[in-house]
Amino acid sequence: MGALQKPLAVSMGEPAGIGPDLALLAWVNRKSLKLPPFYVRGDLTLFRERARKLGLDPKIENTTPDESAQLFAKALPLVQTGPALDDTPGEEHPETASSVIASIEGCVADVHAGLATALVTGPINKAALYNAGFTFPGHTEFLGALAKRYWPDAQARPVMMIAGPELMVVPVTIHIPLSQVPEAVTVDLIVETAEITIADLKKRFGYPNPRLAVCGLNPHAGENGSIGTEDRDVIEPAIERLRAAGHVVSGPHPADTLFHPAARTQYDCVLGMYHDQVLVPAKTIGFDDSVNVTLGLSFVRTSPDHGTAYGLAGKGAVRLDSFVASLRMANVLSNPDRY
């Protein structure tokens, strides 16, 4: 009998949101969905109460990461992280923020220690965490800081990717106001983001020579400087540098003609200049089955591409597609020789 597969670590996300629902429903349907083993860092009291609200009666056991894979077949493995929490779906409570942060930190520590193969994060509400000392613009930036903490000798610059069956996109800038984007977009930032993306497309996704399409910043990619000069003066030189380094890169492309079906056959991934420029088409095309993947780290992290969905928490109305896709992608990306 072969050794048990190491599990995935799942952070519970915002307790008032659908993170607990997703983990519970995924475990209940683990056999039909053929899911890899995983455990959750969270609170046993909250998960048992949420299961009751969902009309579920799963066995949930407090365990340790190294015992979770063996337990997974008969119970949802839960690693107690933080104090006991009241289950109030849809209602934020400031006192839960420290548990949310500790859940993420604990999962990354587990991956670093070799107890888990990868991290799948439940959705968080950043605003609910700020009073607990959370100073990062988003999940992605926090994970970059944790990567530097646990892998101090490794290069770590987190890059957000939304990956779906029909489209993969990466924004050069992420959680900043739109008014700050033109100044933030530089030749060096574009080149660095593109090189991190290309490296992980090769290493994690198995593309031997990935094709990258780069969006312009302005309408019609600036029309040779008549509608803004950033495309001509910043984006084109960045593309030239990438091509000189031997990468397959096209653009700058007008974003409004880059995402229809025929255009999507011409590239493997799109590099956009700002968050909504590429996340809007990515989520429109694959909202239910796209995955948030953090590139540029020493570990694999995936997440559903949706938020906390407070209005659905505890009601049994959530769709599992994106969470299930996150589990499967984390499993494949952290075990590239498995399939």
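Note that these values count all heavy atoms, side chains included, but never hydrogens, waters or copies made by symmetry.
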Which pair of heavy atoms, one from [X] and one from [Y], lies closest together, and at what distance?
| X | Y | value |
| --- | --- | --- |
| His253 | Ala213 | CD2-CB, 3.9 Å |
| Arg41 | Gln80 | NH1-O, 4.5 Å |
| Gly316 | Leu54 | N-CD2, 3.2 Å |
| Pro7 | Pro65 | CG-O, 4.0 Å |
| Ala154 | Ser298 | CB-OG, 3.3 Å |
| Leu24 | Ala51 | CD1-N, 3.7 Å |

Same cluster for [X] and [Y] if Ile/Leu/Val/Met/Phe/Trp/Tyr side chains link at under 4.5 Å?
| X | Y | answer |
| --- | --- | --- |
| Val159 | Val108 | no |
| Ile104 | Leu327 | yes |
| Leu71 | Val40 | no |
| Val234 | Leu271 | yes |
| Leu333 | Trp151 | no |

| Within residues 30-39 or reaching into it, pairs that qualify as salt bridge (charged side-chain N to carboxylate O under 4.0 Å, His left out) - sequence neighbours excluded |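 The answer is none; no pair qualifies.
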| request: Sort and list the pairs that fulfil salt bridge (charged side-chain N to carboxylate O under 4.0 Å, His left out) and have at least one residue in residues 209-236, not counting sequence neighbours. | output: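 Counting only pairs at least two positions apart or across chains, the salt bridge (charged side-chain N to carboxylate O under 4.0 Å, His left out) contacts touching residues 209-236 are Arg211-Asp268.
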Within a 6.0 Å radius of atom [atom1] on [X], are there more than 12 heavy atoms belonging to other residues, nucleotides or ligands?
| X | atom1 | answer |
| --- | --- | --- |
| Lys53 | NZ | yes |
| Asp86 | CG | no |
| Gln155 | CD | no |

| message | Ring-plane angle category for His112 and Tyr150, please: parallel below 30°, perpendicular beyond 60°, tilted otherwise. | response |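 Aromatic pair His112/Tyr150 classed tilted.
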| field | Parallel, tilted or perpendicular: rings of Phe142 and Phe136 (30°, 60°) | value |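 If you compare the ring of Phe136 with that of Phe142, the planes turn out tilted.
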May I ask you to test the [X]-[Y] pair for a side-chain heavy-atom distance under 4.5 Å?
| X | Y | answer |
| --- | --- | --- |
| Thr173 | Leu189 | yes |
| Phe299 | Leu143 | yes |
| Thr197 | Phe205 | no |
| Thr64 | Tyr39 | no |
| Thr45 | Arg48 | no |
| Ile176 | Pro137 | no |
| Thr140 | Arg301 | yes |
| Ile18 | His306 | yes |

Within this structure, what is the [atom1]-[atom2] distance for the pair [X] and [Y], rounded to the nearest 0.5 Å?
| X | Y | atom1 | atom2 | value |
| --- | --- | --- | --- | --- |
| Met168 | Leu212 | CE | CG | 9.5 Å |
| Asp288 | Leu320 | CG | CG | 11.0 Å |
| Leu295 | Glu195 | CG | CD | 13.5 Å |
| Asn218 | Thr229 | CG | OG1 | 7.5 Å |
| Leu85 | Ser99 | CG | OG | 4.5 Å |
| Ile235 | Thr186 | CD1 | OG1 | 11.0 Å |

| Option from Cys107, Ser326, Ser303 for which side chain to side chain contact (heavy atoms under 4.5 Å, CB included) with Leu119 holds |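 Checked Cys107, Ser326, Ser303 against Leu119; only one passes side chain to side chain contact (heavy atoms under 4.5 Å, CB included): Cys107.
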With no hydrogens and no angle check, do the side chains of [X] and [Y] hold a donor and an acceptor under 3.5 Å apart?
| X | Y | value |
| --- | --- | --- |
| Gln5 | Asn331 | yes |
| Glu92 | Tyr310 | yes |
| Arg328 | Thr302 | no |

| When you look at Val300 and Thr117, which way does the side-chain contact (heavy atoms from CB on, under 4.5 Å) test go after all the steps? | CA-CA 8 Å; Val300 171; Thr117 58; over 6 Å; no
| query | Applying side chain to side chain donor-acceptor pair (under 3.5 Å), which residue pairs with at least one partner in residues 10-28 are found, sequence neighbours left out? | reply |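 Every pair satisfying side chain to side chain donor-acceptor pair (under 3.5 Å) with a residue in residues 10-28: Asp21-Arg50.
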| Residue pair Phe323, Val120: steps toward the side-chain contact (heavy atoms from CB on, under 4.5 Å) verdict | CA-CA 9 Å; Phe323 183 68; Val120 178; 3.9 Å; yes
Hey, is the main chain of [Y] close enough, under 3.5 Å, to the side chain of [X] for a donor-acceptor pair?
| X | Y | answer |
| --- | --- | --- |
| Glu141 | Gly138 | yes |
| Lys6 | Gly114 | yes |
| Gln277 | Gly216 | yes |
| Asp200 | Gly296 | yes |

| Can you name the side chain to side chain donor-acceptor pair (under 3.5 Å) partners of Thr88, sequence neighbours left out? |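 Partners of Thr88 by the side chain to side chain donor-acceptor pair (under 3.5 Å) criterion, ordered by chain and then number, come out as His93.
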| field | Val291/Met161 under side-chain contact (heavy atoms from CB on, under 4.5 Å): CA gap, chis, key distance, verdict | value | CA-CA 8 Å; Val291 176; Met161 169 186 276; over 6 Å; no
| Asp87 with Arg52: basic N within carboxylate O range, under 4.0 Å |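 Here Asp87 does not pair with Arg52 in a salt bridge, since their nearest N and O are not under 4.0 Å apart.
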| task | Output the rest of the hydrophobic cluster of Leu258: all Ile, Leu, Val, Met, Phe, Trp and Tyr residues reachable through side-chain heavy-atom contacts under 4.5 Å, sorted by chain and number. | result |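 So far as hydrophobic clustering goes, Leu258 is joined with Met160, Ile162, Leu167, Val169, Ile174, Phe259, Tyr267, Val270, Val278, Leu279, Ile285.
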List the atom pairs, donor and acceptor, that lie under 3.5 Å between side-chain atoms in residues 237-247 and the rest of the protein, sequence neighbours left out.
from	atom 1	to	atom 2	distance (Å)
Arg241	NH1	Asp188	OD1	2.9
Arg243	NE	Val249	O	2.8
Arg243	NH2	Val249	O	3.2

| Between Val170 and Cys269, is a side-chain contact (heavy atoms from CB on, under 4.5 Å) present by the stated rule, with each step listed? | CA-CA 7 Å; Val170 168; Cys269 181; 4.0 Å; yes
